[in-house]
Visitor: 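Supplied in C-alpha cells, the structure appears directly below.
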Amino acid sequence: MAQHPEPPMRPEARLGPRPLPLHLATANLMLLSSLAVWPIAKDGLPHWNPHLQARLVSLLPSLASVDPNEFNAALIRAGLARIGAMTGGMQRYRRHGSRRDLPDPPVFWREGSSRVLAYGEAGRPVLLVPSLVNRAYVLDLAEGQSLARWLPGQGMRPFLLDWGDPGDAEQRFDLAAYIARIRRALQHVKRETGQVPILLGYCMGGNLALAAALTAPDDVAALALLATPWDFHAGGTHQAALVQALAPALVPAAAEDGQVPPMLEVDTLQGFFWALDPFTALKKFTQFAAMPEGSEAERRFVAMEDWLNDGVPLAGPVARECLLGWYGENKPVAGRWVIDGQPMLPQDWRKPTLVVLPERDKLVPKEGAAALLAQIPQASRLDAPSGHIGMVVGPRAESGLWQPLAAWLNAAVPQAEKHLPANKKRAVRVRATKVQA
C-alpha cells in the first residue's frame, strides 16, 4: 500500500489577545452604544468634550434630514464591518505560524525562580532589570528586536535578570525581597567581572533598580531608568482613580493571619491594562488585518503581541504595595516609600543617571516619569519617539532609544570610574551622546 506523507501539523492556536472575551465584548458594546446614542446625539445631546462637540455640530445639518431607518441600518453595517475587521485580524494572529525561537544565552546566576542571562563576554557590565508583571524577553524579543543582543556590539556586556514565575518562596515576596534579589545579582556580577556594573531598569523594573541603587550604592556605577513611573498621579489621574476604586477587590488582604495574600493573576492584570484604553484591541487588530503577509510589520506585530499575552502573575504582597501604596497613596513621589527602614529618596542618588521618557506612553504617563528628573541631582533626559513598548522593540527602537542609550552608557563610564578602586579603573572610549544634560 502506498504511503502518503502526513500533512504538516498546524501550529497550535494562540490564547490571546487576553482577556479575549473582554475585547470581544468591548467591540460589541461600541456598536450597541452607537445605536443607542445617535437618536439623542442628532439633537445636540449629550454634552461631548470640546473636540467631539465641534465634530458633532458640523454633522447636525446632515443628521436632521437623514431617514432614521436608513441611518440605523448604515450604522449597523459600519459597526459590523469594524468588528469583522478586528475579529479577522485576531483570527489571523491566532493562527500565525511564527513563534519566538531565539535560544537562551548561558545562565550566569540563579536564585529561586529567577536567573541572570549573560550576553557577550567583554565590556562594561550592565544589569538589565525588567518589570515583574511581564516576561523579561521583551529586552530580547527577536532578531533585530533585542536590546540585550545589540549592546555587546557597543562595548557593553549585558546581563538580563529574568524573574520567572513566582515559586513557593516568591509568592510570599514583598518589594523589599525582590530588591534584595537585585542586590545579590549585582554583587555576583561585580565579583565575577571585577567591575561595578551599570544598572538599567525598565518600567516597574526601574523602580526596583532605583531602590537597589539607593540601598547598595557601592555596587552600582550608574543608573538608566526607562519609562519608570514615580509620580503615579501625574498625567494620569483617571488611572489613579481607577486603581483606587478597584484595588480593594483586586488585591484583598490575606484571609487569616500568617497566610499569604492571593496572587494577582495574569488576566486580571490584562484587564487593568485594557481599562487604560478599552479600544486598543479594536484598533490594533483592525490594522493588523490589513498588513501585507510576510511583511516586517506583520512579524513585529506577532512577536510583540505574543509577549504581551505571555504575562506573569504578581505576588500578593507586591500587588498590594504597588496598587495601594504606589497608585493609591502615591508614596514614591511623596518620599514615603520605605525599603528596609530607608525612605527611597531619589535625591540621595548622586551618580550618573539617565531618565528615558517615551513620547506616547499610555501605561506610564510622561509627566509621572519626568518627576525623577527634578529629584535626581545628576539626571540626564532622553525623549524616545515611541510608546511604552515600541521604544524598546518597535521599528524606531534602534535610532530612538538604543543608539542614544549606548552613547550615554559609554559616556557615563568614565564618570563612574572615579567610584572604582584604583586597581579596577580602565580606559573607556567616550562617544558622543544625544541625551540632554
Visitor: Between R14 (side chain) and N309 (backbone), is there a donor-acceptor pair under 3.5 Å?
Guide: no
Visitor: Can a donor-acceptor pair be found, under 3.5 Å and without considering hydrogens, that links the side chain of Q375 to the backbone of L372?
Guide: no
Visitor: Could you pull out all residues at least two apart from R396 that satisfy salt bridge (Lys or Arg N to Asp or Glu O under 4.0 Å)?
Guide: none
Visitor: Please check if the side chain of E305 supplies one atom and the backbone of P17 the other of a donor-acceptor pair under 3.5 Å.
Guide: no
Visitor: I'd like to check the side-chain contact (heavy atoms from CB on, under 4.5 Å) partners of V266; sequence neighbours left out, ordered by chain and number.
Guide: R18, Q270, P313
Visitor: Going by the angle between their ring planes, with limits at 30° and 60°, are Y178 and F173 parallel, tilted or perpendicular?
Guide: perpendicular
Visitor: Decide salt bridge (charged side-chain N to carboxylate O under 4.0 Å, His left out) for K362 and D277; before the verdict, give the C-alpha distance in whole Å, the side-chain angles of both, and the deciding distance to 0.1 Å.
Guide: CA-CA 8 Å; K362 294 179 180 178; D277 185 357; 2.5 Å; yes
Visitor: Quick check: do M263 and L314 have side-chain heavy atoms less than 4.5 Å from each other?
Guide: no
Visitor: In terms of heavy-atom contacts, does CD of E121 have more than 12 from other residues, nucleotides or ligands at under 6.0 Å?
Guide: no
Visitor: Cut-off 3.5 Å, no hydrogens considered: what does the side-chain donor-acceptor table look like for residues 85-92, sequence neighbours left out?
Guide:
| residue | atom | partner | partner atom | Å |
| --- | --- | --- | --- | --- |
| T87 | OG1 | I83 | O | 3.0 |
| T87 | OG1 | G84 | O | 3.1 |
| R92 | NE | E298 | OE2 | 3.4 |
| R92 | NH1 | F288 | O | 3.0 |
| R92 | NH1 | A289 | O | 3.2 |
| R92 | NH1 | M291 | O | 2.8 |
| R92 | NH2 | M291 | O | 2.9 |
| R92 | NH2 | E298 | OE2 | 2.8 |

Visitor: Checking D168 now: which residues fulfil salt bridge (Lys or Arg N to Asp or Glu O under 4.0 Å) with it, not counting sequence neighbours?
Guide: none
Visitor: Has S146 got a side-chain atom pairing as donor or acceptor with E143's backbone, closer than 3.5 angstrom?
Guide: no
Visitor: Does E321 have any side-chain contact (heavy atoms from CB on, under 4.5 Å) partners at least two apart in sequence or in another chain, and if so, which?
Guide: D174, L175
Visitor: side-chain hydrogen bond (donor to acceptor under 3.5 Å, both in side chains) with R172: which residues, sequence neighbours excluded?
Guide: none
Visitor: Indicate the atoms forming the closest heavy-atom contact of L225 with G206, along with that distance.
Guide: CD2-O, 3.5 Å
Visitor: For W402 and Q154, does a side-chain donor sit closer than 3.5 Å to a side-chain acceptor?
Guide: no
Visitor: Just jot down the ring-ring contact (aromatic ring centres under 6.0 Å, His included) partners of F108, sequence neighbours excluded, or say none.
Guide: F159, H188
Visitor: Any non-hydrogen side-chain atom of L186 less than 4.5 Å from a side-chain atom of L199?
Guide: yes
Visitor: Under the side-chain contact (heavy atoms from CB on, under 4.5 Å) test, which residues partner K331, sequence neighbours left out?
Guide: E329, R336, W337
Visitor: Quick check on R82: does its CZ atom have over 12 non-hydrogen neighbours (other residues, nucleotides or ligands) under 6.0 Å away?
Guide: no
Visitor: Any cation-pi pair here, R100 with Y137, using under 6.0 Å and within 45°?
Guide: yes
Visitor: Checking the side chain of K351 only, and the main-chain atoms of L223 only, is there a donor and an acceptor separated by less than 3.5 Å?
Guide: no
Visitor: Is there a donor-acceptor pair under 3.5 Å between the side chain of R183 and the backbone N or O of A212?
Guide: no
Visitor: Okay, side chain of S113, backbone of D165: is any donor-acceptor separation there less than 3.5 Å?
Guide: yes
Visitor: Is it true that a side-chain atom of N330 and a backbone atom of F232 form a donor plus acceptor pair closer than 3.5 Å?
Guide: yes
Visitor: Which atom pair, heavy atoms only, marks the closest approach of P197 to V189?
Guide: CB-CG1, 4.0 Å
Visitor: Can you check whether L405 reaches L354 side chain to side chain, under 4.5 Å on heavy atoms?
Guide: yes
Visitor: Partners of D162 by salt bridge (Lys or Arg N to Asp or Glu O under 4.0 Å), sequence neighbours excluded?
Guide: R115
Visitor: Might you point out which heavy atoms bring A303 and L141 nearest each other, and give the distance in Å?
Guide: O-CD1, 3.6 Å
Visitor: Go through the side-chain N and O atoms of W349 and T353 and say whether any donor and acceptor fall under 3.5 Å apart.
Guide: yes
Visitor: Using modelled atom types and a 3.5 Å cut-off, is there a donor and acceptor pairing between side-chain atoms of W307 and backbone atoms of R135?
Guide: yes
Visitor: Report the C-alpha separation of T193 and R157 in whole Å, then their side-chain angles, then the decisive distance to 0.1 Å, and conclude whether the side-chain hydrogen bond (donor to acceptor under 3.5 Å, both in side chains) test is met.
Guide: CA-CA 10 Å; T193 64; R157 187 180 178 187; 5.6 Å; no
Visitor: With no hydrogens and no angle check, is any side-chain donor or acceptor of D310 less than 3.5 Å from a backbone partner on D306?
Guide: no
Visitor: Between P262 and A253, what is the shortest heavy-atom contact and its length?
Guide: CD-O, 4.4 Å
Visitor: Please name all residues satisfying salt bridge (Lys or Arg N to Asp or Glu O under 4.0 Å) with R149, sequence neighbours left out, ordered by chain then number.
Guide: D140
Visitor: Do the non-hydrogen side-chain atoms of T228 and V364 ever get within less than 4.5 Å of each other?
Guide: no
Visitor: Between D383 and R381, does at least one N-O distance fall below 4.0 Å, as a salt bridge requires?
Guide: yes
Visitor: Taking side-chain contact (heavy atoms from CB on, under 4.5 Å) as the test, write out the residues that go with V126, two or more places apart.
Guide: L128, M156, I198, L200
Visitor: Will you find, in the side chains of W274 and T26, an N or O donor that is under 3.5 Å from an N or O acceptor?
Guide: yes
Visitor: If you compare all heavy atoms of S114 against all heavy atoms of R181, which two are closest, and at what distance to 0.1 Å?
Guide: OG-NH1, 2.9 Å
Visitor: What are the two closest heavy atoms between A221 and V196, and how far apart are they?
Guide: N-CG1, 3.3 Å
Visitor: Partners of F285 by ring-ring contact (aromatic ring centres under 6.0 Å, His included), sequence neighbours excluded?
Guide: Y93, F301
